[in-house]
K.L.:
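Got a structure for you, questions after.
Note on naming: letters A, B, ... go to the chains in the order of the sequence lines (proteins, then strands), and numbering restarts at 1 for each one.
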Amino acid sequence: MANERGDAAFVAFEHVQKSYDGETLVVKDLNLNIGKGEFLTMLGPSGSGKTTCLMMLAGFETATHGEIRLAGRPINSVPPHKRGIGMVFQNYALFPHMTVGENLAFPLEVRKMSKSEIESKVKRALDMVQMGAFAGRRPAQMSGGQQQRIALARALVFEPELVLMDEPLGALDKQLREHMQFEIKHLHERLGVTVVYVTHDQSEALTMSDRVAVFNDGRIQQLAPPEDLYERPTNSFVAQFIGENNTLPGSVEAISGDRCTVKLTDGSVIDALPVNVSKPGDRTLVSIRPERVEFRDDRMPADTHKLEAEVLEFIYMGDSFRTRLRVAGNDNFIMKCRNAVDQRRLNAGEKVVIGWNVADCRALDAA
Amino acid sequence: MTDATAGKPPRGGQMLAADGTPLKVSLRRAMRAQKLRALLLISPLLLFVLLTFILPIGDMLLRSVENDIVPSTLPKTVVALQDWDPKTSELPGEPVFAGLHDDLVIAVEKKANTRLGQRLNYEYSGFSSLMRGVVRDLKSMDTSRPFMEQFIEADKKWGDPAVWRTLKTFSGEYTSGYLLNALDMQRTENGIQMKPEQERIYLKLFLRTMAMSLGITFICLLLGYPIAFLLASLPLRTSNLILILVLLPFWTSLLVRTAAWKVLLQQQGVINDILVWLGLVADNARLVMINNATGTTIAMTHILLPFMILPLFSVMKGIPPSYMRAAKSLGANDWTAFWRVYFPQSIPGVGAGAILCFILAIGYYITPELVGGTSGVFISNRIAYHISTSLNWGLAAALATLLLVVVLALYWTYDRIVGIDNVKLG
């Protein structure tokens, strides 16, 4: 995104490392450029270092090594209150002893703005999140969703160019969470503010972000737009972390261009797209999305190897059918078919032949 | 029990249970067993508290106004005195003297005369010896002669109307004398008045007790707040260790700790020695830090500090660090974030710690007794003196009652200003 917009990185991490105990690195050599106006999500399991990165950016943690720049200025030694970064916390962190209005006025008061200016800005921010009538309430008198909106308004009221969000929707129920995702997304589009968003919820990351950085073990595993992340994962971790995924272990027999043949553990051979393998003999984990697996002859590509499979379980899911298969010794191979008029339902014990497009079957690292 | 009755609409606004009884009655019946069980469970403690706490305290408070001894020892005198007007300078009539004679004969038999003399001596000094003298002469008195002359012959003081005025004033079953005394006031011919300047002690003592308690509470807050803040922000393992250090004094006897302060603070003590050695204080001008208000303040601050730190800590522990972070991310510097965001949320802890320290301090006895000297003693030391040395229990009870009233009044004011539901101990 940064390059598409044609400006230098707004936020830059350069060779950033972080250690809490001096023995292990929580963040290992992080390099990341975030463009102005971008919505970037840091996604990863807990303990992957994503929150630590956010805290270093906010100034609550100091980088052990490396440099963090904001708008070209190194901010490693700038205290948090001088960075001018808005932040939304997981538990909202609305000050319980102040009313909503006072909460919103707080960042403006510490900036020594005039009374009338504060009043108009607070009003505008509250209207922005459709909470205009709540200025006199205390945080404890509001629901989680309302508090979340106030926290959002408070992070935006002093018009920061960068807003950090640390799992802001984690405490909300599913329906409200989805609704708030859209609201945050729309606010971002309307205000053009740069957002760095941390979550462990992949659907949240996919629906909201311009780009997603998948964290694991202190490193960014893949940094890509949501579509690339889902369709074209570059390693096994990302393939398995994002969405549902079938994996088959094996070793590479031959590579030619954008096609390789992989010999699975039971001896059967399939075709795959070489992503993380370089030479014959490499161990690999082949990954296929359940919805890209086909069992009907008329939909199967012609020139690829097929596999025999045995149906173990058929699960009716409403909009789709899930079929659990035994494939090449793997009992948890899932095939997902759309519930269409002409769709055939398989029965347990049935033997079928399955196949897929080579491009959908990615030969990744064996780790 | 039929469905038809259960389904009936409420008649006259009263819900009915399935068997037709009003729902409230039936609920009460169902709950009775539970209530009885709860009452049984707490009854031993209730009984214990009643017998060892509420009754003795009630009895003690009653003593501050009780004056049974005069009317019960001198029944005839009291009756005879009713006709006498204490405002005149004349002596009461012969019947009063005769009554006193008869009463005293019985009192001597019952050996109640000494206590009576003591009691009246609180109000009129010299009454005790007056009583002793007349009891000595009682046997030689001639019942055929008027008693008035014989009494005045025995001691001129019986001819002083002030003696009779005192007797009359304190002849009721209840008296405000002790309470007035505790407030440095007295009843004179011209009504209730303050005692002469040099005889006033208790008001000064009350004021000193309150002022020093406030001071000690404030010092505790000043010293305890940063400790509690540090404790609350440290990782659990370190904070537990420091908490043990905070609680360590609790494991040592109060007496030992106070004695230790004596060793440290006295003029030939450790602190003075070090100051002299450092050359900060001349050898002949060693600091007087014990047996005065300074000693009391230092020792009591040390003893009460944990009572300030613990509630503060437990409240601060409950303040998520994200509030301070939020404040800083919104542009507040460290001090503003603390003062505008953290401190207001720690107020319940400050309130709890302060009220705990203050109430403990205001009734403190052992430490002021041991290190207070004369300028550092509290009202409770005076109460103890009257209980165990002067044996004026009525005055001790009156002082204790006033102390209780003061504490309750302060508590009420506190509730008004801070709100007692704002206080959080854990």
K.L.:
Name the region of A:Glu109, side chain, backbone, both or neither, that has any atom closer than 4.5 Å to a heavy atom of chain B.
P.N.:
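A:Glu109 touches chain B through side-chain heavy atoms alone.
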K.L.:
Report the residue from A:Asn91, A:Thr51, A:Val196 that forms a side-chain contact (heavy atoms from CB on, under 4.5 Å) with A:Asp166.
P.N.:
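Among A:Asn91, A:Thr51, A:Val196, the one that satisfies the side-chain contact (heavy atoms from CB on, under 4.5 Å) with A:Asp166 is A:Thr51.
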K.L.:
Name the region of A:Leu94, side chain, backbone, both or neither, that has any atom closer than 4.5 Å to a heavy atom of chain B.
P.N.:
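The backbone, not the side chain.
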K.L.:
Return the option, out of A:Phe60, A:Tyr92, A:Phe106, A:Phe158, with the maximum number of heavy-atom pairs under 4.5 Å with chain B.
P.N.:
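Counting heavy-atom pairs under 4.5 Å, the top option is A:Phe60.
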K.L.:
Counting only non-hydrogen atoms closer than 4.5 Å, does A:Pro79 touch chain B with its backbone (N, CA, C, O), its side chain (CB onward), both, or neither?
P.N.:
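It is neither, since no heavy atom gets under 4.5 Å.
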K.L.:
Is the ring pair B:Tyr225/B:Phe343 parallel, tilted or perpendicular, if the boundaries are 30 and 60 degrees?
P.N.:
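Rings of B:Tyr225 and B:Phe343: tilted, 30 to 60°.
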K.L.:
Could you pull out the closest heavy-atom pair between B:Leu312 and B:Gly349, with the gap in Å?
P.N.:
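Closest approach of B:Leu312 to B:Gly349, heavy atoms only: CD2-C, 3.7 Å.
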K.L.:
Under a 4.0 Å N-O cut-off, is there an ion pair linking A:Lys123 with A:Asp127?
P.N.:
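So A:Lys123 pairs with A:Asp127 through a salt bridge.
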K.L.:
Against chain A, work out which of B:Ala337, B:Ala326, B:Pro320 has the most heavy-atom pairs shorter than 4.5 Å and name it.
P.N.:
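Among the listed options, the one with the most contacts to chain A is B:Ala326.
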K.L.:
At a heavy-atom separation under 4.5 Å, does A:Arg83 approach chain B through its side chain, its backbone, both, or neither?
P.N.:
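Contact with chain B: none, neither part.
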K.L.:
So, is the end of the A:Lys185 side chain (NZ or CZ) under 6.0 Å from the ring centre of A:Phe39 and within 45° of the ring's axis?
P.N.:
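Cation-pi check for A:Lys185 and A:Phe39: passes.
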